[in-house]
Amino acid sequence: EPEVTQTPSHQVTQMGQEVILRCVPISNHLYFYWYRQILGQKVEFLVSFYNNEISEKSEIFDDQFSVERPDGSNFTLKIRSTKLEDSAMYFCASKRQGTDNSPLHFGNGTRLTVT
Amino acid sequence: AQSVTQLDSHVSVSEGTPVLLRCNYSSSYSPSLFWYVQHPNKGLQLLLKYTSAATLVKGINGFEAEFKKSETSFHLTKPSAHMSDAAEYFCVVSHSNFGNEKLTFGTGTRLTIIP
């Protein structure tokens, strides 16, 4: 069964550095998402992406964050200048269509540690 | 606004005994509800989903959930727990806006299986 793949599985970075988290959604999916889970807290919606633009973003998704689909397969989340509070598990998800009942498929996540 | 409340942060059951994980929802719309499971160091896997068809929904690994509108509940059950069921379980409500789907997660219930 096709899977959403995320790399790396764990990323350690220093505060103030830029990081790029990478995701390869399922190939025939059209909607792409990023969620994050701070340790011990809820999984939170960050952003959704469709037709090469952001569909919706949460208040967490400020100017430090950006998403991009640079080619036909990758979907990336960039954090421009990381803060300690950005340490979390980041999940990428994709969905085949918007109007049917197909579920979101999640990747295994990237654990980001900001020191 | 939509939300889900998972009433237990931690549930322990003995192997072979029934499992009950409780979830109450709040939604302005007719909701789509899901249960996702997260095993250690793994991604979020869909267990089952309710999308206004049958109120009793069967999922993978012997789990099922019943949508009760009068009680605004969507509790997850399994007749007989297995050691491999030990994981974190998330109740999720979905809101779709022009095809874009946004999930709101509960805080999670950690299920421990006692041998």
Side-chain angles (χ1 to χ4, degrees), chain A residues 1-10 23-26 29-51 53-61 88-111, chain B residues 1-7 9-10 23 25-26 29-54 57-60 63 65 67 74 87-110:
Chain A
E1 186 176 329
E3 292 182 341
V4 175
T5 56
Q6 291 186 242
T7 55
S9 57
H10 191 186
C23 170
V24 179
I26 296 173
H29 285 195
L30 302 176
Y31 290 80
F32 312 109
Y33 305 83
W34 284 100
Y35 284 77
R36 80 171 184 190
Q37 184 183 29
I38 294 172
L39 188 63
Q41 298 187 24
K42 283 186 185 186
V43 178
E44 304 170 290
F45 169 79
L46 288 179
V47 66
S48 58
F49 191 87
Y50 170 71
N51 199 26
E53 61 183 24
I54 291 174
S55 309
E56 186 175 354
K57 60 183 180 179
S58 71
E59 56 197 31
I60 302 167
F61 195 88
M89 180 75 93
Y90 288 80
F91 292 104
C92 175
S94 68
K95 181 179 163 72
R96 188 175 63 216
Q97 295 180 35
T99 54
D100 67 355
N101 291 326
S102 61
L104 266 66
H105 293 259
F106 285 86
N108 284 349
T110 293
R111 181 167 297 285
Chain B
Q2 54 188 22
S3 65
V4 288
T5 301
Q6 291 184 246
L7 299 159
S9 59
H10 193 189
C23 173
Y25 70 89
S26 171
Y29 309 87
S30 181
S32 292
L33 292 160
F34 305 81
W35 278 96
Y36 278 84
V37 61
Q38 184 181 25
H39 287 92
N41 300 314
K42 296 289 187 183
L44 295 158
Q45 181 185 18
L46 179 68
L47 270 183
L48 51 80
K49 62 180 180 180
Y50 165 77
T51 53
S52 74
V57 182
K58 293 189 184 299
I60 62 172
F63 284 94
F67 175 74
F74 189 57
E88 186 96 14
Y89 291 79
F90 295 95
C91 183
V92 179
V93 63
S94 166
H95 171 60
S96 288
N97 183 17
F98 299 104
N100 176 44
E101 185 166 11
K102 179 179 169 183
L103 303 184
T104 300
F105 282 74
T107 50
T109 298
R110 180 166 299 279

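Below, chains carry the letters A, B, ... as their sequence lines are ordered, and counting in each starts from 1. Below, all heavy atoms of this structure are taken into account, side chains as well, without hydrogens, waters or symmetry copies.
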Visitor: Which atoms of A/Leu104 come close to chain B, meaning under 4.5 Å heavy atom to heavy atom: side chain ones, backbone ones, both, or neither?
Guide: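 For A/Leu104, the contact with chain B is made by backbone and side chain together.
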Visitor: Which atoms of A/Phe49 come close to chain B, meaning under 4.5 Å heavy atom to heavy atom: side chain ones, backbone ones, both, or neither?
Guide: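 When you check distances to chain B, no heavy atom of A/Phe49 falls under 4.5 Å.
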Visitor: In terms of heavy-atom proximity below 4.5 Å to chain B, should A/Phe91 be classed as side chain, backbone, both, or neither?
Guide: side chain
Visitor: As an exercise: rank A/Arg111, A/Gln6, A/Lys42, A/Met89 by heavy-atom pairs under 4.5 Å with chain B and give me the winner.
Guide: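 Ranked by contacts with chain B, first place is A/Lys42.
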Visitor: Indicate yes or no for a side-chain donor-acceptor contact from A/Tyr35 to the backbone of B/Leu103 under 3.5 Å, with no hydrogens or angles considered.
Guide: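 Between the backbone of B/Leu103 and the side chain of A/Tyr35 there is a qualifying donor-acceptor contact (under 3.5 Å).
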Visitor: Give, as side chain, backbone, both or neither, the part of B/Gln38 having an atom under 4.5 angstrom from any heavy atom of chain A.
Guide: side chain
Visitor: Suppose we screen for side-chain contact (heavy atoms from CB on, under 4.5 Å). Which residues come up paired with B/Ala65, at least two apart in sequence or across chains?
Guide: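 For B/Ala65, the residues satisfying side-chain contact (heavy atoms from CB on, under 4.5 Å) (neighbours in sequence not counted) are B/Trp35, B/Leu48, B/Phe74, B/Leu76.
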Visitor: Select one option (side chain, backbone, both, neither) describing which atoms of B/Leu46 are under 4.5 Å from chain A's heavy atoms.
Guide: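 The answer is the side chain of B/Leu46.
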Visitor: Just checking A/Leu39: does its CG atom have more than 12 heavy atoms from other residues, nucleotides or ligands closer to it than 6.0 angstrom?
Guide: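 No.
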Visitor: Side chain from CB out, backbone as N, CA, C, O: work out which of these in A/Gln37 comes under 4.5 Å of a heavy atom of chain B, or both, or neither.
Guide: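 Contact with chain B involves the side chain of A/Gln37 alone.
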Visitor: About how many Å separate OG1 of B/Thr104 and CD of A/Glu44, when rounded to the nearest 0.5 Å?
Guide: 10.5 Å
